[in-house]
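Okay, so here's the structure we're looking at.
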Amino acid sequence: MKVIPYSKEAYDLFHEGMIALAKVEQAGMRINVEYVDRTFKRISRRMQRIEQKMKNSDVGKAWDKQYGFKTNYNSPDQLATILFDVMGYESQGETDSGRHKTDKNALVKLDCPFIDLLIELRKLDKAKGTYLTGIKRETVDGFLHPFFNLHIAKTFRSSSDKINFQNIPVRDPAIKEIVRKAFIPREGRQLVELDFSSLEVSISQAYHQDPTMFKYLTDPKSDMHRDMAMECFLLPEEEITPKIRYCGKNMFIFPQFYGDWYMNNAKHLWDAIDDMNLKTASGKSLQAHLKEKGIKSRGACIPGEDALPRTFERHIQEVEQDFWNERFPIYKQWKEDWYKKYRERGWLKMKTGFICQGYFKRNEAINYPVQGAAFHCLLWSLNQMVLREIETRGLTATIVGQIHDSIVADVDCDHLDAFLITIKEIMEVKLRETWDWINVPLSVDAEVAPPGKSWYEKKEIEF
DNA sequence: TACTTCGGCGCC
DNA sequence: AAAGGGCGCCGAAGTA
């Protein structure tokens, strides 16, 4: 059977999207070139000082003895040889090709002072090698013009390259500052970022129609991440802190939605208790709290082996069971039905009219329609702004980028309020008028940097 | 010199 | 029964 990969509506969305994104690319983002040059040199000096310290440590001396002038702290092979063969540290697992793992997660478990320096060095190297170098290379006359592609991702999402505008550091405060200070607004303007809150979860609702999820997405008093944090750590609502909620969200709920399983959840949540120094709202350590609840150890977490009673692993396994069988059974049923239908037909169709055909694993077939359609909500909104509303309303504003569920703009300070009202109306109201299959409210958060200030200075605002 | 694969890491 | 979805870029190391 021949499958045409899109409907007319989907074709139109991408046709307009190509034009709108080309305009975004052409406009570009203003760069503080002097800052980038200055910071590049400063980071280089900092890296040299760190390397000097590394040289003087015991690991550094062993490294020099083994490799001499060939010493390269950036080589995973050399690092593994020194740590696990020469120094005798315990290997923390293997890569796909059977080498010792030397990523951050494996290294922090070794308890070795050299490692802290190495991790700091890697971070600075990332900032310098990938971001500052990339910005310098691609900036022309003070403007950076990243590409936004619509022909790459299997899910009909976008991608971005030269430079990748969609992976600028934001979580690590130090790297965030180094890189994002390079991005500045045009004269008399300020930078604005608008993102759909929990867009993929909201779009998943249109597929599975789970009533419990519907309540979470429509009742402002309900809070799915808080609830699952309570389950994972056996805590009452009043003991949930922002950090604990963060863990429920990013180490249980989101991984579960992407198809992960309890064993990984248990490992990550258990590590977080120590790494993030988790305490209940009334100040008790979670370690002690779980012990009181009868959970004294993590559990072996070995695939194929049953989780032992009274381990954290067993507990999270039960939380997972409850999550899908009791809390979201309709969602679970949809996943099974959807995958079965894909297996029968060999293709799947998104709410936005795009068709994915080919061999997909279970998790892929389930995730693609949500990921793609969610991005299409953003692209539709961007098209309205770039191709229609900005000009129609006479706004002095330029869309300069897009990050899957958010839009970045460079807006005249005097037009900020009008811009925000316009784009909020499009993203929250007009989008749903156009696509009535979206059956839950969509809400937009705004972050704004002060006039003339860099992208690093963006702060969430009420509007 | 040019290319590929791998490990690692940045984002949603 | 299976067991984390989607991207791009860097340097290291090996191959052509």
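The sequence lines fix the lettering, A, B, ..., with proteins before strands; numbering per chain opens at 1. Note that these values count all heavy atoms, side chains included, but never hydrogens, waters or copies made by symmetry. All values derive from a computational prediction rather than experimental measurement.
Remark: side-chain polar atoms of A:N367 are paired, donor with acceptor, to backbone N or O of A:Y258 under 3.5 angstrom. Although no hydrogens or angles enter the test, the distance criterion places a donor-acceptor pair under 3.5 Å between the side chain of A:S454 and the main chain of A:Y456.
For A:F165 and A:W455, the ring centers are positioned less than 6.0 Å apart.
Under 4.0 Å is where a charged nitrogen must lie from a carboxylate oxygen, and between A:D210 and A:K332 no such pair does. Taking a cutoff of 4.0 Å between a charged side-chain nitrogen and a carboxylate oxygen, A:D64 and A:K55 do not qualify as a salt bridge. In this structure, A:K458 pairs ionically with A:E193, as a charged nitrogen and a carboxylate oxygen lie closer than 4.0 Å. We find that A:R30 and A:D410 are not joined by a salt bridge, their nearest charged nitrogen and carboxylate oxygen being 4.0 Å or further apart. Ion pairing of A:K267 with A:E313 is absent here, as no side-chain N (NZ or NE/NH1/NH2) approaches a carboxylate O to less than 4.0 Å. The existence of a salt bridge linking A:K340 and A:E344 is confirmed by a sub-4.0 Å separation between a basic side-chain nitrogen and an acidic carboxylate oxygen. Ionic pairing of A:E428 and A:R432 is not present here: no N-O contact between side-chain nitrogen and carboxylate oxygen is shorter than 4.0 angstrom. Of the charged side-chain nitrogens involved, at least one lies within less than 4.0 Å of a carboxylate oxygen, so that A:K109 and A:D271 count as a salt-bridged pair.
Judged as a salt bridge (charged side-chain N to carboxylate O under 4.0 Å, His left out), not a single pair has a partner in residues 79-95 of chain A (not counting sequence neighbours).
Contacts with DNA chain C (heavy atom under 4.0 Å) in residues 42-50 of chain A: none are found. Within residues 158-179 of chain A, the residues that have a heavy atom under 4.0 Å from DNA chain B are, in order of number, A:N164, A:Q166, A:N167, A:I168, A:P169, A:V170, A:R171. Annotation: proximity of residues 263-274 of chain A to DNA chain C (heavy atom, distance under 4.0 Å) is found for A:N264, A:H268, numbered in ascending order. Within a heavy-atom distance below 4.0 Å of DNA chain C, no residue of residues 311-338 of chain A is found. If you check residues 129-157 of chain A against DNA chain B, the residues with a heavy atom closer than 4.0 Å are A:Y131, A:R157, listed by number. Listed by residue number, the members of residues 358-381 of chain A with any heavy atom below 4.0 angstrom from DNA chain C are A:N363, A:E364, A:N367, A:Y368, A:Q371. For residues 90-105 of chain A, proximity to DNA chain B is found at A:T95, A:S97, A:R99, A:K101, A:T102, A:D103, A:K104, defined as any non-hydrogen atom under 4.0 angstrom from a strand atom.
Among the atoms of the strands shown, only primed sugar atoms or phosphate atoms (P, OP1, OP2) are found under 4.0 Å from some heavy atom of A:D77.
Using a 4.5 Å heavy-atom cutoff, the side chains of A:D172 and A:P169 are not in contact.
Side chains of A:K154 and A:Y368: a donor-acceptor N/O pair is present below 3.5 angstrom, by distance only. For the 3.5 Å distance criterion, the side chains of A:E9 and A:W435 qualify, holding a donor opposite an acceptor. Between the side chains of A:Q256 and A:N265, at least one donor N or O lies within less than 3.5 Å of an accepting N or O. Side chains of A:Q402 and A:S158: a donor on one and an acceptor on the other come within 3.5 Å. Counted by atom type alone, A:Y216 and A:D223 present zero donor-acceptor pairs between their side chains at under 3.5 Å. Side chain to side chain, A:R99 and A:S97 meet the donor-acceptor criterion of an N or O pair below 3.5 Å.
In this view, A:V370 and A:E200, A:S204, A:Y207 satisfy the side chain to side chain contact (heavy atoms under 4.5 Å, CB included) rule, not counting sequence neighbours. Looking at residues two or more places apart in sequence or on another chain, you find a side chain to side chain contact (heavy atoms under 4.5 Å, CB included) between A:L308 and A:T311.
Note on the helix from B:dT1-C:dA16 to B:dC12-C:dG5: angle between the axes of the first and last five pairs equals 0°, rounded to 10 degrees.
Rounded to whole Å, the distance from CG on A:L348 to C1' on C:dG6 is 14 Å. In this structure, CD of A:E200 is placed 9 Å from C1' of C:dG6, rounded to the nearest angstrom. For the pair A:Y207 OH and C:dG5 P, the computed distance is 18 Å after rounding to whole Å. Going from atom OH of A:Y73 over to atom P of C:dA13 covers 14 Å, rounded to whole Å. Atoms CD1 (A:I302) and C1' (C:dA2) sit 18 Å apart, rounded to a whole Å. One can place CZ of A:R122 at 12 Å from C1' of C:dA12, the figure rounded to the nearest angstrom. As rounded to whole Å, 13 Å separates atom P of C:dG5 from atom CD of A:Q256. Nucleotide C:dA2 holds its C1' atom 18 Å from the NZ atom of A:K340, rounded to whole Å.
A 4.0 Å heavy-atom criterion places the boundary nucleotides of DNA chain B facing chain A at B:dC6 to B:dC12, written 5' to 3'.
Residue A:K23 places its NZ atom among 12 or fewer non-hydrogen atoms of other residues, nucleotides or ligands, all under 6.0 Å distant. Summarising the local packing, NZ of A:K430 is surrounded by more than 12 heavy atoms from other residues, nucleotides or ligands at distances under 6.0 Å. Remark: A:M18 CE is loosely packed, at most 12 non-hydrogen atoms of other residues, nucleotides or ligands lying under 6.0 Å away.
Geometrically, A:K128 engages A:F40 in a cation-pi contact, judged by NZ or CZ lying under 6.0 Å from the ring centre and within 45° of the ring axis.
Here the options are A:L194, A:V411, A:L191, A:V192, the test is side-chain contact (heavy atoms from CB on, under 4.5 Å), and the partner is A:V448; only A:V192 passes.
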